[in-house]
Amino acid sequence: MSVWNPENVIDVAESIGIASLPRDVVEHLARDVEYRMAQVLEEALKFMRHSKRTTLTTQDISQALRLLEVEPLYGYESTRPLRFGEASIGPGQPLFYVEDEEVDFEKLINAPLPKVPREVSFTAHWLAVEGVQPTIPQNPTQADQRNQELSAKGPGANSTLAAMSGNDNVSVKPLVKHVLSKELQLYFERTCSAIFEESNEEYRIAALASLRTDPGLHQLVPYFVQFVADKVTHNLSTLYILTQSMLLISALLDNESLYLAPYIPSLIPSVLTCLVGKRLGSPSQDGPTSHFALRDFAASLLAIIMRKYASTSTTLKPRIARSCLKHFLDSHKPLGTHYGAILGLTMVADAESVLSLILPNLRAYNDGILQDAMKDDGKREQAEHVLDAILKGLKLLDADELVEDSLGDVVWAKVGEIGLV
Amino acid sequence: MAQQPPPSRTASAGPPSAGGMNAPATTPGGGQGGNSNQNLNQIVLEYLAKKGYSRTEAMLRKESAHTDPNGNLITSRVEETGGKMYRTSFALLQNWIDNSLDIYKPELQRILWPVFVHAFLNLIGDFYPREGREFFDLFSEMFQNEHKDDVRALAPITEPEHLQQNELTQLYRINKYRLTISRLAFTNLILFLEDHEKEGGTVIVNLIQTFLDVRTPDRQANGGSRGLQRLLADRNGERDYPAEDEGIPGHNPGSANLSINAPTVLSKLALGPMPMEPDLMEDVKAELQDLDGVRPPAAGQNSLVDEFEQRIKHEPMDDVPSREALPFPPSTARDVAMEVQKVKENRDRFRVEGRTGGVGPGISVTMFTFHNTFDSMNCIEFSGDNTLVAVGTAESYIRVWSLDNRALTSPADPPSFQPSSSRRLVGHSGPVYALSFSPTVAVPPVQVNGFTLATNTAYESQPRYLLSSSADSTIRLWSLDTWTNLVVYRGHQSPVWDVRFCPHGHYFVSASADRTARLWSTPQIGPLRLFTGHDSDVETVAWHPNGAYVFTGGGNGDRTVRMWDIVRGTSVRIFTGHVGNVTALACAPNGHVVASADDRGEIILWSLPTGRLIKRMRGHGRGGIWSLDWSVESSVLVSGGADGTVRVWDVQPNKDSNGKVVGEGGAGTKIDGSATNGAVTKTVTGKAKKDVIVSPDQISAFPTKKSPVYKVKFTLMNLVMAGGAYLP
């Protein structure tokens, strides 16, 4: 019945030299001890709750003792839950004890220092975008949350909402997960087909203009983003479609009434593809250098995105810079990719990145790739484009106040030395 | 443990009168069985007859009429069974209530808990530890659901002196438990108890008379809230909610006047926004005019000046607090910039409308997850301009990070100092339980053609001060310019659980385990006001948006939410109805509704002008809702808790089938107005075992990956920021 039985009281009494205690005193004491322990626990639970924990620690107990003006127990401080051992001292009489290893001082002093625990850090991610939880690794999968009650049940509950957030245990599963009005769907279809209409320029311009200015398109944004991503991945060899897709993105970016920040991460891949893609368009149809225009355009889009949204995500800039740099340093990629990567680097960051990312690699790049390409007649035209891009980047250095004049001179001297100019 | 003769008591010490039965000592040789005893009586009688002592003989016969042949007393009244009487009578009461008419049952069941508590306390007080234990074990099970914490707290009480020392039992003993039962049901109950007077009716009647304050309103007169229809609707499994006016501090619902004879009139509140300082108003207007000139409003948009005028104008002047009563330091250029920004954001933000037509608004949530914390984080706080996040730890220090990776520097740094994006504030000598940044608004740097002008204004919006409260009973004020401790506020005698800056800065309020909440102002080291009245720890505090009122939430044993006037220092509203400890509070920006959450996963909305419950919302798992916040339009509530979810709630009052607002008074709001519908009943009862029922008020729920959510916050642009620690 009780945790603390009268026998324990007798044991304790004997240990301090009280040989015989009357039975009723023993029982009374046992009950009282139990009550006091419960009282300490009750207080300790408060500390646990305010530490926003769900496990009680030894620290909570010492805090509770302090609050009850009792001398806390020393020597049990632990940030981790204590391990309990169990020993049997007879049939049905388990004994629990705290596992406490003996420590040899000699060994402890000579042992190498324990590893420093990892630094506390934080990461940010979208838990929900406009009421829908994105399926990214940071969010739990549906299997993880099966035992949680997430959606409301009953007649007042809304089945579309459950479906939207992806946890639809409800029997009705709407085909379209987002609720779109007929008019919006129609608008979406018409606009998409108009933008890729090759024969009628009027249509294209009208559609893009509508995207640029219409304030009521917010619900369609994810669809447009998805649409562009599809078009870009499936039509890498058709320059026209790629260009139109970029125009679509540019129109969305121009629209002041749209809030694009949550969708930027999904927009970036399409733009990057058009910037550093290995083979954009078909050289036989469009000519060997026409894709540079597309890359230019993609780079300018990237610049707009950076300017508007770099502040919303601290990781956006470094991520793009990293992937551009990777493409720039990959000598197996065609010159077009290098061109895009250099443009990207100059657009994404500023003089600083040119200084720290492009300049140190310039000599190797010049010796390894550019010089060869210049000599090759088939590639010369492309190589000149790349050279242009590099020079454009370097000019940034001149314009920027960050780079001191003397440093600028050094840079130009270095460039001259490499033999680019 | 040797079995003693049945009627005797287990403990040997005790007042001789307590038993009211003959002790074994009076029947010598009782242990040898009835035979010798009966023989002895026989022998004595024969002896008396032989001697002719006829009067003595008659007396002996008369006196032994109440004993059975074994010499034990024949009990005709249950009171004579000593410690057993409560058990018998409670079983009688329970049995009768279970078999009573369905329309009375929900009401009558409410009486079981207080009767149980006081019967148990009487047993312990009369020194029947064993009977008390048996009684407790037998009946406590049925209260586990609603009164889990109280049952746990009462369980170890076994001695009369514990009654004197335990805070919870004192609460029950000193106060009368208030309960409302409709007249007919109560009359029936009393009639039944009188009929069964001998089987225990008197015992129960005594308990009710001594410890309960039963109100018997007329069902007709009270209409909606206690109507028959209402009761019928309540049958569907909501019996584990106390009614709004039930509980230990006898009081009138909503009113802070605890006297039984208090008038039913509530004190009037000034819930309007705090009027602006005239100088500040002029400055802001001038600034807005300039801005309108630089950037004319787009088509269909108001100009900033219009927006501002609208905001000022539509305040009715009668319900605003007066500036004279609540002095603030004069405003600075920084305040002007912030007010201007507020007006701008008020015009430009993404509006979160209520749930009209079924589909709720789509809320975006950014989650900040902390790693490698080993569960040592106690609280997370975001600054008003969303550039800083502060964390209070169990290791007594505070750590502040900048969210945009900017280095946090101080003019006092030595030249060799390596600036990083986080800093530690060390000073407390106990776990840090709450943090609060001085109020700020993000003032974005001026943009020209999309390019940021590199000016210093960007970081002027950073909050200047941080408050922290700790288990060492102190509150500390930290400067975020120099990253040092400025002031230590001593006064509380116990750990300080919560501290909050006034929405206009300058003042702050703290809540402590010493059962008080205190109002302070930053320049003074002593408290300005003491808010006393809670019967247990003050667990959490929140400000009314106009800065003239504060709310406090009580812990185990009290569980009330109270509203205090900071000028007069008195309680103006009291809200009861929580069954768990209040863990979070938030007042709506419109100033008319306050939301409170408890550690049983329930959120309750209270209306301030009427002082009544608006509705209950369930969905969170057990373990505490750590944070609540309202959207700027007061249309949506967001909550985060220990179950690792962020949930979005519709705050519109539920409508019942007649289109009337339910939940004003009476027991908790129904899951839905149309809950009599068979389908719901089924789901509710089917899920009853799972103990989490999601009410349809929930708009959406976003689970995290094993990260309890410690803080949720709406930015002024209606984006939700959530903070939590990843605990694998």
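Chain letters run A, B, ... following the sequence lines, proteins first, then strands; residues in each count from 1. Values reported hereafter were calculated over all heavy atoms of this structure, with side chains retained and with hydrogens, waters and symmetry mates removed.
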Could you tabulate the donor-acceptor pairs under 3.5 Å formed by side-chain atoms of residues 45-54 of chain A, not counting sequence neighbours?
residue: A/Lys46; atom: NZ; partner: A/Glu43; partner atom: OE1; Å: 3.2
residue: A/Lys46; atom: NZ; partner: B/Asp537; partner atom: OD1; Å: 2.9
residue: A/Lys46; atom: NZ; partner: B/Asp537; partner atom: OD2; Å: 3.0
residue: A/Arg49; atom: NE; partner: B/Glu539; partner atom: OE1; Å: 3.4
residue: A/Arg49; atom: NH2; partner: B/Glu539; partner atom: OE1; Å: 2.9
residue: A/Arg49; atom: NH2; partner: B/Glu539; partner atom: OE2; Å: 2.7
residue: A/His50; atom: NE2; partner: B/Glu539; partner atom: OE1; Å: 2.9
residue: A/Ser51; atom: OG; partner: A/Phe47; partner atom: O; Å: 3.0
residue: A/Ser51; atom: OG; partner: A/Arg53; partner atom: NH2; Å: 3.3
residue: A/Lys52; atom: NZ; partner: B/Asn378; partner atom: O; Å: 3.2
residue: A/Arg53; atom: NH1; partner: A/Thr55; partner atom: O; Å: 3.1
residue: A/Arg53; atom: NH1; partner: A/Asp60; partner atom: OD2; Å: 2.9
residue: A/Arg53; atom: NH2; partner: A/Asp60; partner atom: OD1; Å: 3.0

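For A/Ile264, the side-chain contact (heavy atoms from CB on, under 4.5 Å) partners are A/Leu260, A/Leu267, A/Ile268, A/Ile305, A/Tyr309, A/Leu316, not counting sequence neighbours.
Remark: side-chain polar atoms of A/Gln133 are paired, donor with acceptor, to backbone N or O of B/Pro703 under 3.5 angstrom.
Ion pair B/Arg399/A/Glu119 flagged as a salt bridge, since at least one NZ, NE, NH1 or NH2 atom sits closer than 4.0 Å to an Asp/Glu carboxylate oxygen.
Comparing A/Leu67, A/Val129, A/Leu127 by heavy-atom pairs within less than 4.5 Å of chain B, the highest count is held by A/Leu127. Considering only heavy-atom pairs separated by less than 4.5 Å from chain A, the leading option among B/Gln165, B/Met721, B/Lys706 is B/Gln165. Of the listed residues (B/Ile157, B/Thr369, B/Asp149), the one with the most heavy-atom contacts under 4.5 Å to chain A is B/Thr369.
More than 12 heavy atoms of other residues, nucleotides or ligands sit less than 6.0 Å from atom CD of A/Glu7.
Heavy-atom distances place no part of A/His218 under 4.5 Å from chain B, backbone and side chain included.
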> Can you check side chain to side chain donor-acceptor pair (under 3.5 Å) on B/Asn166 and A/Gln39, steps first, answer last?
Replying inline: CA-CA 9 Å; B/Asn166 193 288; A/Gln39 208 182 2; over 6 Å; no
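A/Tyr35 pairs with exactly one of B/Glu161, B/Glu159, B/His162 by the side-chain contact (heavy atoms from CB on, under 4.5 Å) rule, that one being B/His162.
Side-chain polar atoms of A/Thr123 and B/His371 form a donor-acceptor pair below 3.5 angstrom.
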